[in-house]
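Whatever order the structure lists ligands and atoms in, that order sets their numbers, starting from 1.
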Amino acid sequence: MHRITVIGGGLAGLTAAITAAEAGAKVTVHEAHHTLGGRARTAEGPYRTNEGPHALYNGGPHWAWLKQRDLIGPLAPIPPLEAARLRLRHKGVLRRTPPFAMLKLLRPGLPPAPVDTDFLTWATGIAGEEGARGAAHYSAVALFHHDPGALSAAFVQERLRRATKLPPEAHYPVGGWATVVDRMAARAWNLGVRMETLSRVDSLPTDTPVVVATSLDAARRLLADPTLTWTSGRTALIDLAVRTRRGDAFAVSDLDSPGWIERFTAQDRTLAPAGEQLIQGQIPVAPHESKADGVARAETLLDLAFGGWRDRVTWRSEALANGRTGAVDLPGTSWRDRPAIDRGDGVYLAGDQVAAPGVLSEVSFNSALTAVSLALGRNALDLKHA
Ligand SMILES: Cc1cc2nc3c(=O)[nH]c(=O)nc-3n(C[C@H](O)[C@H](O)[C@H](O)COP(=O)(O)OP(=O)(O)OC[C@H]3O[C@@H](n4cnc5c(N)ncnc54)[C@H](O)[C@@H]3O)c2cc1C
């Protein structure tokens, strides 16, 4: 029987552990925190905020994999009346529809954008600068970067397509991602995976193959390898509970500068007590900007779309997610150029900033499958189709 050690019990680590155990390996997971889930944790208490993710994209590979194992659980669909309350800020005012030029970038027949050119240059050639900027800023909902127009056109186009698909790809597990994590942990447990929490690993074990399923920052320290770096986003997060008021927007996308605010109780009433709404804003900030700059921009959007919110606030929290929103690819680079999964000597990386395709957490998922198939010496495709 193969033995395998997984370091990190987030989405990547749990995917790796389940995949390896399903293939017959004896698996041990070490998680530094006292609970599993990593960035996919959901806060306990009256306001069920997520540290990070909300949306599971059903076009991604993890969707089919989780569904096949009955790990997604109940979903919270967006009621049509709420979906109709999506607003776009353009030239300082709220609109219901995107600027016409932006739609040119969503045409199904559009050729794949180039890797080597930045998105703004490529998209301006198709839709003019105004349409290109609007599209770049809209795509921030799936890439969390302060200047999406400066990233590789191919990278941004994929996220723009996924984030604007109809019917929408984004699906919301009732109760937040922690519920999916709980199901994954139960599945791992039933497969005999040994899961040790409060178990921070400071040096790599040498007696088994190891999947390092931590953030890339943590992997760099653990492997003492300064080359383990990749670009990511930096975003101010604002979580708010407000007393319910009719007429609040469902979500606001800022087309004037990147930013997104969503009232998650519109689709999932379980996230806040009755009579209150839970709203999260994520406003990407540039390296020279502070969390306060992002929060100030969020407040401007809130003023436009959530009238009287300041007098309705019952709870509030702010944070800065720095380098925690997954990989972004600069012009001339693609996922293939990110740190390789196979580090040699039986060490494999999994996570959302390594060399695997997909959007956001899909990179963690895909890299976990590849890491395990390499660790067990199997063809990656055998496992993916198993
Ligand atoms: C604001 C925000 C919004 C997001 N929105 C979405 C979204 O809507 N959809 C989506 O798909 N993705 C989204 N993401 C991305 C998603 O959260 C991540 O891609 C995913 O959760 C990463 O999972 P992971 O397992 O690779 O890493 P992590 O979740 O970071 O897990 C790594 C684990 O390793 C542990 N660890 C670290 N070092 C050690 C050590 N030395 N020993 C033992 N354990 C260790 C950590 O405690 C952690 O639990 C979002 C992220 C953020 C921050």
Problem set entry | L198, CG: over 12 other non-hydrogen atoms inside 6.0 angstrom | yes
Exercise. Should the heavy atoms of other residues, nucleotides or ligands under 6.0 Å from CZ of R194 be counted, would the total exceed 12?
Worked result: no
For this session: Taking only Lys NZ, Arg NE, NH1 and NH2, and the carboxylate oxygens of Asp or Glu, determine whether R297 and D254 approach each other closer than 4.0 Å.
Result: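 A salt bridge is absent here (no side-chain N lies under 4.0 Å from a carboxylate O).
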Exercise. Is E299 paired with R316 through a side-chain N to carboxylate O contact shorter than 4.0 Å?
Worked result: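 Yes.
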For this session: Flag the pair Y57 / W63 as yes when their ring centroid distance falls below 6.0 Å, and as no otherwise.
Result: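 No - the distance between ring centres of Y57 and W63 does not fall below the 6.0 Å cut-off.
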Could you check ligand 1 for N or O atoms lying under 3.5 Å from protein N or O atoms and list the pairs with distances?
| residue | atom | partner | partner atom | Å |
| --- | --- | --- | --- | --- |
| ligand 1 | 8 (O) | H54 | N | 3.3 |
| ligand 1 | 8 (O) | A55 | N | 3.1 |
| ligand 1 | 9 (N) | A55 | O | 2.8 |
| ligand 1 | 11 (O) | S361 | N | 3.4 |
| ligand 1 | 11 (O) | S361 | OG | 2.6 |
| ligand 1 | 19 (O) | D352 | OD2 | 2.7 |
| ligand 1 | 25 (O) | L11 | N | 3.0 |
| ligand 1 | 25 (O) | A12 | N | 2.9 |
| ligand 1 | 26 (O) | S364 | OG | 2.7 |
| ligand 1 | 27 (O) | R39 | NH2 | 3.1 |
| ligand 1 | 29 (O) | R39 | N | 2.7 |
| ligand 1 | 30 (O) | R39 | NE | 2.8 |
| ligand 1 | 30 (O) | R39 | NH2 | 3.1 |
| ligand 1 | 41 (N) | V201 | O | 2.9 |
| ligand 1 | 42 (N) | V201 | N | 3.0 |
| ligand 1 | 44 (N) | A32 | N | 3.0 |
| ligand 1 | 47 (O) | E31 | OE2 | 2.6 |
| ligand 1 | 49 (O) | E31 | OE1 | 2.6 |
| ligand 1 | 49 (O) | E31 | OE2 | 3.1 |

Exercise. Given R183, which of I72, L71, L66, L14 fulfils the side chain to side chain contact (heavy atoms under 4.5 Å, CB included) condition?
Worked result: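 The single option meeting the side chain to side chain contact (heavy atoms under 4.5 Å, CB included) with R183 is L71.
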